[in-house]
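All remarks here apply to the structure that follows.
Every number for a ligand or one of its atoms is a count from 1 in the order of the listing.
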Amino acid sequence: MPIVPALETVIILQDLDLMIAEVNDAQSSKTIADMGFNIDNLDKLESARKELLEKLDDSILRLYNRLSRRYSHRVVPVQNNICLGCFMTQPTRFTDTGNTQLRTCQSCNRILYKI
Ligand SMILES: [Zn+2]
């Protein structure tokens with residue numbers, strides 16, 4: 001089943017944000033050289049992120065940014081109709097639509113993808 005492009009984009013965006021956070025953490029703990037990171041790599045991650053943002057609708061980006069203030073994982077899997085971010089059962093079944101629509105958890109509001 002095809003993955004909706006917006007879902008794919010937010011998953012990649014989350015990945016980049018986690019990687020950028022890792023680089024920033026490495027910098028603050030002064031292990032940056034050990035981990036092979038440098039400022040150029042951070043620039044590459046930031047520019048990949050910027051490119052990605054242009055592909056996202058404003059409404060999805062606003063949701064993503066809102067979730068970013070609360071959670072490090074803004075996009076989480078749903079399995080057997082249970083959000084694996086907050087472990088609440090979703091009232092609407094996921095089997096019908098799979099990952100062809102962008103859906104959010106009814107409880108924690110995180111963006112969901114079906115596994
Ligand atoms: Zn949830």
**Request:** Go through the steps for Y64 and D17 under the test side-chain hydrogen bond (donor to acceptor under 3.5 Å, both in side chains), then give the verdict.
**Result:** CA-CA 11 Å; Y64 181 87; D17 280 341; 2.6 Å; yes
**Prompt:** Q101 versus V4: any side-chain heavy-atom pair under 4.5 Å?
**Reply:** no
**Request:** Measure the shortest side-chain to side-chain distance between L112 and Q90 over non-hydrogen atoms and say whether it is less than 4.5 angstrom.
**Result:** yes
**Message:** A side-chain contact here means heavy atoms from C-beta on lying under 4.5 Å apart; do L42 and N24 qualify?
**Reply:** yes
**Asked** Any donor-acceptor pair under 3.5 Å linking the side chain of R110 with the backbone of H73?
**Response** yes
**Message:** For a 4.5 angstrom cut-off between non-hydrogen side-chain atoms, does D57 reach L61?
**Reply:** no
**Prompt:** List-wise, which protein N, O or S atoms are found short of 2.8 Å from the Zn ion (ligand 1)?
**Reply:** C83 SG, C86 SG, C105 SG, C108 SG
